[in-house]
Amino acid sequence: MVGTGLPAVILAGGLSRRMGGGDKALRRLGGGTLLSHVITRLGAQAFPLALNANGDAKRFDVDLPVLADSISDHPGPLAGILAGMEWAAAREADWIVTAACDTPFLPADLVARLRARQEETRAAVVLAASGYDGRPVAHPTFGLWSTALAPALRRDITEGTRRIRDVAERAGMVLVMFDGDPFFNVNTPEDLDEARQRLAACPV
């Protein structure tokens, strides 16, 4: 059973190459940043929150713990998931939710749906998915993870694993389907323009 105090980590440790570098999470959207939109939506569903990012934590100006990767050389989002797992486990939490920093329209029922699927299946990993062309497409940065997986995840990363789905499949993942495109993520300046258009058409 997933507990009521369910921690979550927002993954912002990437290098944002397609955005031209810098901190993608701090790009402006509406009256805030991509990160502030994610904090607002995820913070209404999970507590406490943490941010996974590397470098000077002060640049984010958020009232959240900022967790650096504990494995060097930027091994990707798996390192952020590991950092979140270890932070949550230190708080004696058995589970953690993960979400990406560049998805300002993430579902308002994300955590509830992930929890319900885990309680139904008893899976160690539940990933969000949505349907494209009649088939489910997983969104691996959005998931509910057992913190007991942390030692195995550290070993996998050290041995060269970089794909979240590879780790999740080995742990016996299940999916939970969401309608529409709530996981639209901002990778490029053009994506950011589209996000602004979406926000103007239907404010979050």
Side-chain angles (χ1 to χ4, degrees), residues 1-14 35 38-54 57 60 62-71 75-101 103 106-130 136 138-159 161-178 182-183:
M1 178 70 71
V2 177
T4 55
L6 186 56
V9 61
I10 300 169
L11 305 173
L35 177 59
V38 174
I39 289 173
T40 296
R41 293 183 75 81
L42 190 60
Q45 306 178 54
F47 179 84
L49 298 185
L51 176 67
N52 163 243
N54 299 296
F60 292 101
V62 291
D63 188 22
L64 299 177
V66 179
L67 314 174
D69 293 348
S70 59
I71 297 179
L78 277 176
I81 295 172
L82 175 62
M85 282 183 182
E86 293 175 338
W87 165 76
R91 302 179 65 91
E92 301 184 345
D94 295 328
W95 298 89
I96 188 167
V97 172
T98 59
C101 71
T103 52
L106 66 89
D109 60 351
L110 172 69
V111 174
R113 301 269 316 274
L114 292 172
R115 287 170 57 128
R117 184 72 169 140
Q118 191 283 323
E119 290 170 357
E120 173 191 353
T121 63
R122 303 300 179 185
V125 180
V126 183
L127 298 185
S130 53
H139 301 283
T141 53
F142 289 86
L144 176 66
W145 300 77
S146 168
T147 58
L149 296 171
L153 176 54
R154 175 172 288 278
R155 182 186 65 245
D156 287 342
I157 297 171
T158 301
E159 292 177 352
T161 299
R162 294 295 179 265
R163 292 182 69 241
I164 298 174
R165 182 150 186 162
D166 289 344
V167 172
E169 287 178 346
R170 283 197 288 270
M173 75 169 188
V174 297
L175 301 178
V176 57
M177 290 292 297
F178 290 81
F183 302 102

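The chain is numbered in sequence order, starting from 1.
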Which atoms form the tightest heavy-atom contact between Val125 and Trp145, and what is the distance?
CG2-CE3, 3.6 Å

Minimal heavy-atom distance between Ala83 and Ala68, with the atoms involved, is CB-O, 3.8 Å

Closest contact, heavy atoms only, Leu49 versus Gly43:
CD1-CA, 3.7 Å

CD1 of Ile157 to CG of Leu153: how many Å apart, nearest 0.5 Å?
4.0 Å

Ignoring hydrogens and angles, tell me if any N or O in the side chain of Thr147 forms a donor-acceptor pair with the backbone of Ala88 under 3.5 Å.
no

Looking at every heavy atom in both Gly172 and Ala123, which two are closest together, and how far apart are they?
O-CB, 3.9 Å

Output yes when a side-chain donor or acceptor of Gln45 lies under 3.5 Å from a complementary backbone atom of Leu110, and no otherwise.
yes

When Leu127, Thr141, Ile81 are each screened for side chain to side chain contact (heavy atoms under 4.5 Å, CB included) with Thr98, the one that passes is Ile81

Is it the case that the side chain of Arg117 and the backbone of Leu175 share a donor-acceptor pair, with hydrogens and angles ignored and the cut-off at 3.5 Å?
yes

Worked verdict on Arg154 versus Ser70 for side-chain hydrogen bond (donor to acceptor under 3.5 Å, both in side chains)
CA-CA 9 Å; Arg154 175 172 288 278; Ser70 59; 2.6 Å; yes

Do Ser146 side-chain atoms and Trp95 backbone N/O form a donor-acceptor pair below 3.5 Å?
no

Just verifying a value: how many Å separate Met85 CE and Leu78 CG, rounded to the nearest 0.5 Å?
8.5 Å

With sequence neighbours excluded, what pairs up with Phe60 under the ring pair (Phe, Tyr, Trp, His ring centres under 6.0 Å) test?
none

Where the side chain of Asn52 meets the backbone of Ile10, is there a donor-acceptor pair that is under 3.5 Å apart?
no

Just verifying a value: how many Å separate Arg155 CZ and Thr161 OG1, rounded to the nearest 0.5 Å?
9.0 Å

Atom CE of Met173 and atom OG1 of Thr121: how far apart are they, to the nearest 0.5 Å?
12.0 Å

Heavy-atom closest contact (Ala128 atom, Phe183 atom, distance):
CB-CZ, 3.5 Å

Distance-minimising heavy-atom pair for Leu42 and Ala8
CD2-CB, 3.8 Å

